[in-house]
Amino acid sequence: MGGKRSRHAARLAVVAGIAAAGFGIAAPAQAEPLWPGGPDIPGVAPIIPPAPAPFVSAPCDAAGARMCMRLTTNEAWLMENGRVTYGPTPISHGRPGYETNVGVFDVDFKREDHWSTLHHVPMKWAVFFDGDIATHIGPIEEQSHGCIRMLPEGAEATFHHLNPGDIVQVVW
């Protein structure tokens, strides 16, 4: 009778070993399915293509405008051939008595590190477009003496995008 038990035990050991091996080679579970894009199978396109990025437009209509700023919403956009390439990015503008002019302007000049002799403050990434009015880094929580204050990322992008002679439009 001892032989029968040892054969039975051996069979159980083999079955247990096969089951354990099966668990060891199972594919890892994914955290989340990629629906509606479909299963994550290398080399296989998604069943439903991802939605296109939303179209962003700016409120400016000046021919050739490379920058658009809207004062009522404190937003600015960089443009190329009538299409937005950057933005909206937050801005602030002139306070009462120092209002930022609305209109179409040409970029006069730009300076990476400008010092305002009028207000004794640094104007990093300054782009001058209306006399002594420029876009530059500054606290957007406060209104200025007419300049367009921007966050560092927006001011740097503006500086690198615009050149003297480029069109800037400011709308209310």
Side-chain angles (χ1 to χ4, degrees), residues 30-38 40 42-43 45-172:
Q30 292 181 333
E32 289 183 35
L34 297 177
W35 300 106
D40 186 18
I47 294 170
I48 300 172
F55 175 71
V56 178
S57 65
C60 296
D61 57 5
R66 298 208 63 220
M67 183 175 199
C68 173
M69 292 178 271
R70 181 168 49 201
L71 303 182
T72 55
T73 58
N74 286 316
E75 296 174 296
W77 298 263
L78 299 179
M79 321 238 334
E80 194 66 49
N81 298 319
R83 299 202 41 96
V84 171
T85 59
Y86 183 89
T89 187
I91 63 169
S92 68
H93 55 87
R95 63 184 65 156
Y98 298 94
E99 289 84 2
T100 303
N101 290 325
V102 172
V104 178
F105 308 92
D106 292 338
V107 171
D108 298 317
F109 67 98
K110 62 184 192 176
R111 289 215 176 99
E112 185 175 339
D113 292 298
H114 183 75
W115 180 262
S116 169
T117 56
L118 188 59
H119 301 289
H120 308 290
V121 294
M123 296 170 62
K124 179 76 173 170
W125 305 117
V127 178
F128 289 83
F129 64 91
D130 181 18
D132 62 348
I133 303 300
T135 62
H136 59 84
I137 292 177
I140 63 169
E141 303 80 28
E142 303 172 18
Q143 291 181 313
S144 69
H145 287 92
C147 283
I148 301 295
R149 292 178 174 168
M150 305 179 85
L151 297 174
E153 301 81 20
E156 183 177 4
T158 299
F159 180 85
H160 290 298
H161 183 73
L162 296 177
N163 291 302
D166 285 346
I167 304 294
V168 172
Q169 185 175 8
V170 181
V171 297
W172 184 243

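Here the structure is a predicted model, which is why all the values come from computation and not from measurement.
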Closest approach of [X] to [Y] (non-hydrogen atoms, all atoms of both residues):
| X | Y | value |
| --- | --- | --- |
| His161 | Asp166 | O-OD2, 3.9 Å |
| Trp125 | Ile137 | CD1-CD1, 3.4 Å |
| Phe159 | Glu112 | CE1-N, 3.4 Å |
| Pro90 | Leu151 | CG-CD1, 3.4 Å |
| Ile167 | Gly64 | CB-O, 3.7 Å |

Self-check item: Pairs where residues 59-93 contributes a residue and the test ring pair (Phe, Tyr, Trp, His ring centres under 6.0 Å) is met, not counting sequence neighbours
Solution: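 Of all non-adjacent pairs touching residues 59-93, none passes ring pair (Phe, Tyr, Trp, His ring centres under 6.0 Å).
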Self-check item: Qualifying residue for side-chain contact (heavy atoms from CB on, under 4.5 Å) with Thr135, from Met123, Lys110, Met67, Arg149
Solution: Met67
Exercise. Could you list the residues that satisfy side-chain contact (heavy atoms from CB on, under 4.5 Å) with Ile133, not counting sequence neighbours?
Key: Phe129, Asp130
Main-chain N/O of [Y] paired to [X] side chain as donor or acceptor, under 3.5 Å:
| X | Y | answer |
| --- | --- | --- |
| Ser116 | Val121 | no |
| Gln169 | Ala62 | yes |
| Ser92 | Glu141 | no |

Self-check item: Student check: side-chain heavy atoms of Pro59 and Glu75 closer than 4.5 Å
Solution: no
Self-check item: Check: Glu80 and Arg66 side chains under 4.5 Å, non-hydrogen atoms
Solution: yes
Distance check, rounded to the nearest 0.5 Å: [X] atom [atom1] versus [Y] atom [atom2]?
| X | Y | atom1 | atom2 | value |
| --- | --- | --- | --- | --- |
| Thr73 | Trp172 | OG1 | CH2 | 10.5 Å |
| Asp61 | Cys68 | CG | SG | 8.5 Å |
| His136 | Lys124 | NE2 | NZ | 13.5 Å |
| Leu162 | Asp106 | CG | CG | 11.0 Å |
| Thr100 | Ile91 | OG1 | CD1 | 7.5 Å |

Quiz prompt | Phe109 atom CZ, over 12 foreign heavy atoms within 6.0 Å | solution = yes
Self-check item: Residues, nucleotides or ligands: over 12 heavy atoms within 6.0 Å of Asp113 CG
Solution: yes
Exercise. Sorted by first residue and then second, give each salt bridge (charged side-chain N to carboxylate O under 4.0 Å, His left out) pair with at least one member in residues 150-159; sequence neighbours left out.
Key: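 Matches after skipping sequence neighbours: none remain.
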Quiz prompt | Derivation and outcome, side chain to side chain contact (heavy atoms under 4.5 Å, CB included), residues Val170 and Phe105 | solution = CA-CA 8 Å; Val170 181; Phe105 308 92; 4.0 Å; yes
Quiz item: Parallel, tilted or perpendicular for Phe128 and His114, by the 30°/60° rule?
Solution: perpendicular
Quiz item: Given the rule in the side chain to side chain contact (heavy atoms under 4.5 Å, CB included) test, do Asn74 and Ile140 qualify, once you have shown the distances and angles that lead to the verdict?
Solution: CA-CA 9 Å; Asn74 286 316; Ile140 63 169; over 6 Å; no
Quiz item: How far apart are the C-alpha atoms of Asn163 and Val107, what are their side-chain angles, what is the distance that settles it, and do they pass the side chain to side chain contact (heavy atoms under 4.5 Å, CB included) test?
Solution: CA-CA 7 Å; Asn163 291 302; Val107 171; over 6 Å; no
Quiz item: Given Ile148 and Leu71, is the side chain to side chain contact (heavy atoms under 4.5 Å, CB included) satisfied, shown in steps?
Solution: CA-CA 9 Å; Ile148 301 295; Leu71 303 182; 4.2 Å; yes
